[in-house]
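Inspection log for the structure reproduced underneath, given as structure tokens.
Just so it is clear: chains get the letters A, B, ... in the order the sequence lines come, proteins before strands, and each one is counted from 1.
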Protein chains: 2
Amino acid sequence: MCSAHDDLTARAVIRDRALELFAAQGPDAVTVRRIAAAAGVSPGLVIHHFGSKERLRAAVDEHVAGVFDDLFTRAATGGLDMTDGASLAEAFLRQLPPGSPVPGYLRRLLLTGDAAGTGIFRRWFTAGRTMTEALVARGLLGPGRDPEVRTAFLMVNDLVLLLLRDQLAEVVGIDPLGPEGAVRWAEEVLDIYRNGLFGTEGESAS
Amino acid sequence: MCSAHDDLTARAVIRDRALELFAAQGPDAVTVRRIAAAAGVSPGLVIHHFGSKERLRAAVDEHVAGVFDDLFTRAATGGLDMTDGASLAEAFLRQLPPGSPVPGYLRRLLLTGDAAGTGIFRRWFTAGRTMTEALVARGLLGPGRDPEVRTAFLMVNDLVLLLLRDQLAEVVGIDPLGPEGAVRWAEEVLDIYRNGLFGTEGESAS
DNA sequence: ACGCGGATTGAACAAGCGTTTAATCTATTG
DNA sequence: CAATAGATTAAACGCTTGTTCAATCCGCGT
């Protein structure tokens, strides 16, 4: 019932530790006892506050959905600085405290095809749709012949940095969402979005 | 020890059923007893052949890595028809039997950060690097100022269709890797890669 | 025909799981 | 201060898990 803030009731502490552990290792791999230990309480109290492990997971889902609700409304009302433009994921990441478990949890939600994850995905998509429509209306973007697919393409190009961040960091040698990696990534991506893949020097293929 | 082919030894049957179940629900959610039932054998036999559930999972990892090895060498030796060019993931999917559990298993490997998944990711990246270098050498692609990031960008744009296929299908209303969705997706993506995002009609913004 | 080794099984095991229960602590209220 | 309701706990329960073990089946070489 209570939202984020600095809520240090036992219930909130349990929920937060569960979120962290679930994000790191997946709900199936985390036992109620481990959550209780991480929260500094007894296993019984976890059940007493949430009814069951499944309902605790649902509470974590709901909490994460609430965090994203905040982010989406803040993005819609212009409360986010999208100065460098390209990446919603990066803007989100800046809003969350460093090392927040929320991105990792979203990763798991999307992996398992969880309904909560699909809901966030859908809201993300409609948010992206609204933003591109606004850019088209202001003439900053071509109309596009298939706007739905275009929005989805841009969206997942962005979201995938959250999903494959670790693998990209290891292979390319730089964290694409870190301070240095983000600009290097954005430069290349914006160059492709502006000039296409073919001919950076100005000549263009078929 | 034995490779794919039509290996119908009990060991191979167990491995294949485990692969399917792991891909569908994740290794943690699948019990040895369920695998044994799906393979039509006793739980004890599963352990007898693989030593432990963990080693069975490792055997499945190895097997999937072998499948991708085949795909990569076939792609390197030109054994794949990349006529429509853009998507390695789609070309891979065409090589696998319909309904193959391998893509789903790869999804789990990548999103859980598994070491086997990172290995496949790395091979995928170097394969993509070689391909773009070949295209640059033949003048079909601009040199690019940040070739590593560009290759990674193109690669994950492609790979993400495998990761978020279900969510994309539900939100956009069409399976981006299905027969119809693939062409619709490829048209839009290639248009962006050729002409950029701005001004399909030919005018370009800053 | 015989025996021998691997394949296979059903039953059992210990351990860990989520959950329950009864008791204890704590703090607020009348 | 006494009483009461919720927070909290330790211990236990039933169940499922991965794994073990002894016994049985099956095919193959001599």
Are the side chains of B:Y193 and B:L154 in contact, using a 4.5 Å heavy-atom criterion?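 Yes - at least one pair of side-chain heavy atoms lies under 4.5 Å apart.
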Taking the side chain as everything from C-beta on, heavy atoms only, tell me whether B:V32 gets closer than 4.5 Å to B:L56.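 A side-chain contact under 4.5 Å is absent here.
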Suppose the criterion is salt bridge (charged side-chain N to carboxylate O under 4.0 Å, His left out): which pairs have a residue in residues 34-54 of chain A, not counting sequence neighbours?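 For residues 34-54 of chain A, and leaving out neighbouring residues, the salt bridge (charged side-chain N to carboxylate O under 4.0 Å, His left out) pairs sorted by first residue read A:E54-A:R57.
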Whole Å only: how far is the [atom1] atom of [X] from the [atom2] atom of [N]?
X: B:R57; N: D:dT17; atom1: CZ; atom2: P; answer: 18 Å
X: B:L45; N: D:dC26; atom1: CG; atom2: P; answer: 14 Å
X: B:H48; N: D:dA23; atom1: NE2; atom2: C1'; answer: 14 Å
X: A:I47; N: D:dA11; atom1: CD1; atom2: P; answer: 18 Å

Strand contacts (DNA chain C) in residues 23-30 of chain A, 4.0 angstrom heavy-atom criterion: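 DNA chain C contact set from residues 23-30 of chain A: A:V30.
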Quick check on contacts: within residues 34-43 of chain A, what sits under 4.0 Å from DNA chain C by heavy-atom distance?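 Heavy-atom contacts with DNA chain C come from no residue of residues 34-43 of chain A; none.
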[X]: which residues meet the salt bridge (Lys or Arg N to Asp or Glu O under 4.0 Å) condition with it, sequence neighbours left out?
X: A:D70; value: none
X: B:R74; value: none
X: A:E170; value: B:R122

Test side-chain hydrogen bond (donor to acceptor under 3.5 Å, both in side chains) applied to B:T118 - qualifying residues, sequence neighbours left out: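 Residues passing side-chain hydrogen bond (donor to acceptor under 3.5 Å, both in side chains) with B:T118: none at all.
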Mind running salt bridge (Lys or Arg N to Asp or Glu O under 4.0 Å) on A:D191 and B:R150 for me, showing each step along the way? CA-CA 10 Å; A:D191 183 54; B:R150 182 172 70 171; over 6 Å; no
Would you indicate whether A:E133, at its atom CD, is surrounded by more than 12 heavy atoms from other residues, nucleotides or ligands within a distance under 6.0 Å?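 Correct, the count exceeds 12.
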Donor-acceptor list for residues 182-190 of chain A side chains, cut-off 3.5 Å, not counting sequence neighbours:
{"unit_1": "A:R184", "atom_1": "NE", "unit_2": "B:D146", "atom_2": "OD2", "d": "2.7"}
{"unit_1": "A:R184", "atom_1": "NH2", "unit_2": "B:D146", "atom_2": "OD1", "d": "3.2"}

Testing the basics here: between A:L168 and B:A152, what is the closest heavy-atom pair and its distance to 0.1 Å?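 Shortest heavy-atom separation between A:L168 and B:A152 comes out as CD2-CB, 3.9 Å.
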Go through DNA chain C in 5' to 3' direction and return only the first and the last nucleotide with some atom under 4.0 Å of chain B's heavy atoms.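 From 5' to 3', the first and last contacting nucleotides are C:dA7 to C:dA12.
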Just checking B:H49: base, sugar-phosphate only, or nothing, at a heavy-atom cut-off of under 4.0 Å?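 The answer is sugar-phosphate, as B:H49 gets under 4.0 Å only of primed atoms, P, OP1 or OP2.
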Result block: side-chain N/O donor-acceptor pairs under 3.5 angstrom for residues 158-166 of chain A, not counting sequence neighbours:
{"unit_1": "A:D158", "atom_1": "OD1", "unit_2": "A:S87", "atom_2": "OG", "d": "2.7"}
{"unit_1": "A:D158", "atom_1": "OD2", "unit_2": "A:L88", "atom_2": "N", "d": "2.6"}
{"unit_1": "A:D158", "atom_1": "OD2", "unit_2": "A:A89", "atom_2": "N", "d": "3.0"}
{"unit_1": "A:R165", "atom_1": "NE", "unit_2": "A:D175", "atom_2": "OD1", "d": "2.9"}
{"unit_1": "A:R165", "atom_1": "NE", "unit_2": "A:D175", "atom_2": "OD2", "d": "3.1"}
{"unit_1": "A:R165", "atom_1": "NH2", "unit_2": "A:D175", "atom_2": "OD2", "d": "2.7"}

Quick one: bend of the helix from C:dA1-D:dT30 to C:dT28-D:dA3 from 5 pairs per end, to 10°?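 It comes to 0° between the two terminal axes.
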Among pairs that include at least one residue of residues 98-111 of chain B, which meet side-chain hydrogen bond (donor to acceptor under 3.5 Å, both in side chains), considering only residues two or more places apart or in two chains?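 For residues 98-111 of chain B, and leaving out neighbouring residues, the side-chain hydrogen bond (donor to acceptor under 3.5 Å, both in side chains) pairs sorted by first residue read B:D61-B:Y105.
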